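Working notes, beginning with the structure itself.
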Amino acid sequence: MISLKKGNFKKVLLSLQDIVGQNYTRSLCAARAHLSGEDEKELLTFAKEKIDFFPKTLQKNLASRLPQVGQVCCASLDKSAGGASTKEFNSHTNVNYAPLSGYGYYRIGENGRLYLISKSEHYHAPLGHDFPGYRLLERARRFGIPNATHNNTRGHITRRLEEELVRLAAGIAGNDTKSMSGALASKSRTVLNRVLNLETGSLAAEAALKMILARFYRSQDVSPSPQYKGRIPVIVVIGDDQGALQANYHGTTILTQVMRGMWPELLTKLEMNKSLLIRAVRPNNIEDLNEIFETYEKGAYKIAGVFHELVMMNYGALRLTVPFIRHLYSLCNKHDVPTVVDEIQSCIWSPEMFMFREYGIKPSMVAVGKGFPGGEYPASKILFSSVMDTLPQFGALVTNGQEEISSLAYLITMRWTEANAAMIQSVGDYYEERLNELSKEHSDYIIGIEGKRHLSGIIFKDLSTAKEFTNQLNEKGFDISVQTYKEGCPPIALTKLPLIMDYNVIDFIIHTMQDVLSNI
C-alpha cells in the first residue's frame with residue numbers, strides 16, 4: 001500500500017511575532033509587563049520562539065497508526081452523560097462516535113475505538129485535531145491577549161486578518177502593498193474589500209441576505225430610499241435535479257431556511273403579499289438560468305441576488321460546472337444582480353483557499369467559516385464589495401465576532417495552508433484520481449464520482465448499496481455517511497478529508513473501500 005507519489009508537506013516554522021508583526025509584539029510585551037510585573041525582555045524572547053506547525057515526527061506517528069483504525073485502543077466510557085437535548089438531536093446522536101480524544105486525523109470515540117475523521121469532523125477540522133500550529137493560541141493567552149472585545153474595539157489581530165482575507169481573495173502577493181492599497185480603495189462591485197466578523201456560517205449568509213434586501217427595503221426609518229424600492233425582490237438559489245428548493249443550504253436563520261423550502265406557509269404568504277419570492281434553478285442547467293432572468297428581470301420584479309455553493313455538500317457533493325457558473329455571472333453582471341458564493345464548506349479546501357478563484361469568477365459577496373479557524377473557534381466572515389457596504393452599525397452586529405484569539409486561529413490556518421498549496425492540490429487530485437479508478441473497477445455498484453479533490457462523493461446506483469458501503473466502512477472506523485435525510489438526494493457516500501492527509505493515507509482509504517466493495 002505504499003504510494004508511488006512523491007512529495008511532502010513544507011515545514012512551516014513561525015513564532016507569534018511572525019504572525020502578528022514586530023511592532024504589535026513590542027507593544028504587547030510592554031503592556032503585559034506593566035500589568036503582570038513580568039520581565040519585558042523575557043516576554044519578547046518568548047514571543048519570538050518559533051513552533052513547527054506540523055513536525056515530520058508527528059506525520060510519521062500518525063501514519064504508523066493507520067493499521068489500528070477501527071480497533072478498540074482503550075477502555076470505553078462506561079457512564080456517559082445523557083444530556084438534555086431535543087428529541088430530534090437525541091434520536092440522531094451516536095455516543096460511540098463522540099470524542100474522548102483527538103489527534104491529527106484520528107478520534108477515539110467513547111467506545112474506545114480509533115476512528116479516521118474522513119469528514120473532517122463535519123467540515124470544520126481541516127488540519128485535524130491538536131494541530132501543533134495552534135499552540136500559538138496558548139501563547140497568545142499567555143500574553144493576556146483578550147478574546148473578549150467588540151465591534152467598536154476590534155483588535156490589531158482581527159484587523160490584520162481582515163486585510164489578509166482581502167489579499168487572498170484578490171490573489172495579491174504578500175509583499176505587494178501597491179495592489180493591496182488599490183484593492184482596499186476600490187469602488188468596484190467585483191472587488192471584495194470589506195469584511196464583517198461573525199460567529200457562524202448562518203450569520204454570514206444572513207448578513208449577505210440583509211445587504212441584498214437593503215436594496216429593496218430600508219433597514220431602519222432613517223435609512224435612505226433603496227435603489228430598487230417598490231420592486232418585488234426575487235432570490236435565486238440552486239435547487240435539486242427536479243427544481244425544488246431543498247438542495248440548497250445557506251444557514252439556519254429563518255429566511256435562509258425559507259430559501260431551502262422550510263416554513264412553507266410563511267413562504268406562501270411572503271409570495272402572496274409580493275414581499276419576497278424564492279426561485280430555484282436546477283444544478284448546471286443553463287436553460288433554467290435563462291428562463292429565470294427572462295421571467296423576473298423585468299416589470300414589477302427584480303432578481304435581488306443569487307446564492308450558490310460551488311460543491312453542494314448538502315446535495316451529494318454535486319459540483320457546479322465552470323460553464324454554468326460563468327454563464328450565471330455574465331447574466332448577473334449584465335442585470336446588476338449581486339452574487340453570493342457560499343464557501344462555508346469549500347473554503348480552505350481549495351489550494352487557492354477560496355474555490356471561487358479556481359472558477360475565475362468575481363462574486364459580490366463570499367461567506368467563509370468552519371475551516372478557517374480549524375475547529376478552534378466558531379468564527380465566520382462575510383467578504384463583500386464596498387458597493388454592498390450599506391448596512392447600519394447594528395445591521396449585522398455580533399458581539400463575539402471580533403475575538404482576537406479566533407482571528408489568530410484564522411491566520412495560523414492560512415499561513416500553513418498557503419505554504420502547502422501545491423501539496424494540498426496534488427494530494428487532492430490524487431484522491432480524486434484513485435476514486436475514479438475505484439468507480440471504474442466497481443461499475444456494477446458505482447455510477448461515478450462527484451465533488452472536487454478532498455470534497456468528494458461516490459455515486460451509487462441505489463441507496464441500499466450506498467448504505468451498506470458506509471455501514472461497513474463505519475465498522476472499520478471510517479467516518480463516512482450517505483445523505484438519507486434529504487428527499488431526492490442521490491445515493492452518494494460523502495467524504496471530506498483533512499488537508500494533513502498525505503498520499504499513503506489516501507492509499508489506505510482506497511484500499512479499505514476496495515475491500516468493502518469486494519465483499520458487498
Side-chain angles (χ1 to χ4, degrees), residues 11-55 58 102-104 124-168 174-175 195-199 348 368-381 398-420 500:
K11 180 185 284 290
V12 176
L13 199 66
L14 296 172
S15 67
L16 182 62
Q17 177 173 285
D18 292 330
I19 299 286
V20 300
Q22 187 178 52
N23 290 338
Y24 173 80
T25 301
R26 286 175 177 170
S27 296
L28 170 66
C29 292
R32 183 62 179 178
H34 178 78
L35 289 171
S36 67
E38 296 168 86
D39 184 88
E40 187 174 338
K41 289 183 178 179
E42 290 182 4
L43 289 170
L44 275 168
T45 299
F46 187 55
K48 295 176 183 178
E49 188 178 303
K50 295 181 185 291
I51 284 180
D52 189 341
F53 276 26
F54 193 39
L58 171 58
Y103 191 55
H124 63 275
L127 306 186
H129 292 291
D130 199 17
F131 183 68
Y134 293 137
R135 290 171 193 168
L136 287 180
L137 304 179
E138 299 165 15
R139 295 195 175 184
R141 295 188 193 96
R142 165 72 178 76
F143 284 94
I145 296 176
N147 213 31
T149 182
H150 192 262
N151 300 68
N152 300 340
T153 53
R154 289 168 19 259
H156 165 84
I157 300 175
T158 298
R159 286 178 275 118
R160 187 181 182 95
L161 170 60
E162 292 166 2
E163 293 173 347
E164 279 293 280
L165 288 169
V166 168
R167 178 182 73 80
L168 289 168
N175 57 356
V195 180
L196 277 176
N197 306 294
L198 302 160
E199 278 287 286
I348 285 294
V368 299
K370 278 194 193 315
F372 271 107
E376 296 296 308
Y377 288 92
S380 69
K381 316 285 176 186
V398 176
T399 301
N400 295 332
Q402 329 303 316
E403 295 171 333
E404 286 282 85
I405 308 295
S406 67
S407 295
L408 182 59
Y410 260 74
L411 290 167
I412 291 167
T413 310
M414 291 157 70
R415 291 295 287 271
W416 186 84
T417 306
E418 189 173 21
N420 283 284
I500 58 172

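Keep in mind it's a predicted model, so treat the numbers as computed, not measured.
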Aromatic rings Tyr410 and Phe372: how do their planes relate, parallel, tilted or perpendicular, breaks at 30° and 60°?
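Correct class here is parallel.
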In a table with atom names and distances, give each donor-acceptor pair under 3.5 Å that connects a side chain of residues 127-134 to protein atoms at least two apart or in another chain.
unit_1: His129; atom_1: NE2; unit_2: Glu121; atom_2: OE2; d: 2.7
unit_1: Tyr134; atom_1: OH; unit_2: Thr413; atom_2: OG1; d: 2.7

Which heavy atom of [X] sits nearest a heavy atom of [Y], and at what distance?
{"X": "Ile348", "Y": "Pro126", "value": "CG2-CB, 3.9 Å"}
{"X": "Thr25", "Y": "Ala47", "value": "CG2-CB, 3.5 Å"}
{"X": "Ser407", "Y": "Lys381", "value": "OG-NZ, 4.3 Å"}

How would you list, by chain and number, every residue that makes a salt bridge (charged side-chain N to carboxylate O under 4.0 Å, His left out) with Glu199, sequence neighbours excluded?
none
Show me the pairs that pass salt bridge (charged side-chain N to carboxylate O under 4.0 Å, His left out) and involve [range], at least two apart or across chains.
{"range": "residues 369-380", "result": "none"}
{"range": "residues 45-55", "result": "Lys11-Asp52, Asp18-Lys50, Glu49-Arg139"}
{"range": "residues 403-412", "result": "none"}

Sequence-distant partners of [X], side-chain hydrogen bond (donor to acceptor under 3.5 Å, both in side chains), two or more places apart:
{"X": "Arg159", "answer": "none"}
{"X": "Thr149", "answer": "Thr153"}
{"X": "Arg141", "answer": "Tyr377"}
{"X": "Asn175", "answer": "none"}

Would you list the pairs meeting side-chain hydrogen bond (donor to acceptor under 3.5 Å, both in side chains) in which at least one residue belongs to residues 33-43, sequence neighbours left out?
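As it turns out, the side-chain hydrogen bond (donor to acceptor under 3.5 Å, both in side chains) pairs with a partner in residues 33-43, which skip direct neighbours, are Arg32-Glu38, Ser36-Glu38, Glu38-Arg142.
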List for me each residue that meets ring-ring contact (aromatic ring centres under 6.0 Å, His included) alongside Phe46, sequence neighbours excluded, and say none if there are none.
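Only Phe143 meet the ring-ring contact (aromatic ring centres under 6.0 Å, His included) criterion with Phe46.
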Please walk me through it: do Leu16 and Leu408 pass side chain to side chain contact (heavy atoms under 4.5 Å, CB included)?
CA-CA 9 Å; Leu16 182 62; Leu408 182 59; 3.9 Å; yes
Using side chain to side chain contact (heavy atoms under 4.5 Å, CB included), reason through Leu14 and Ile412 one step at a time and then give a plain yes or no.
CA-CA 9 Å; Leu14 296 172; Ile412 291 167; over 6 Å; no
Can you name the side-chain contact (heavy atoms from CB on, under 4.5 Å) partners of Arg167, sequence neighbours left out?
Glu164, Ile172, Met180, Glu418
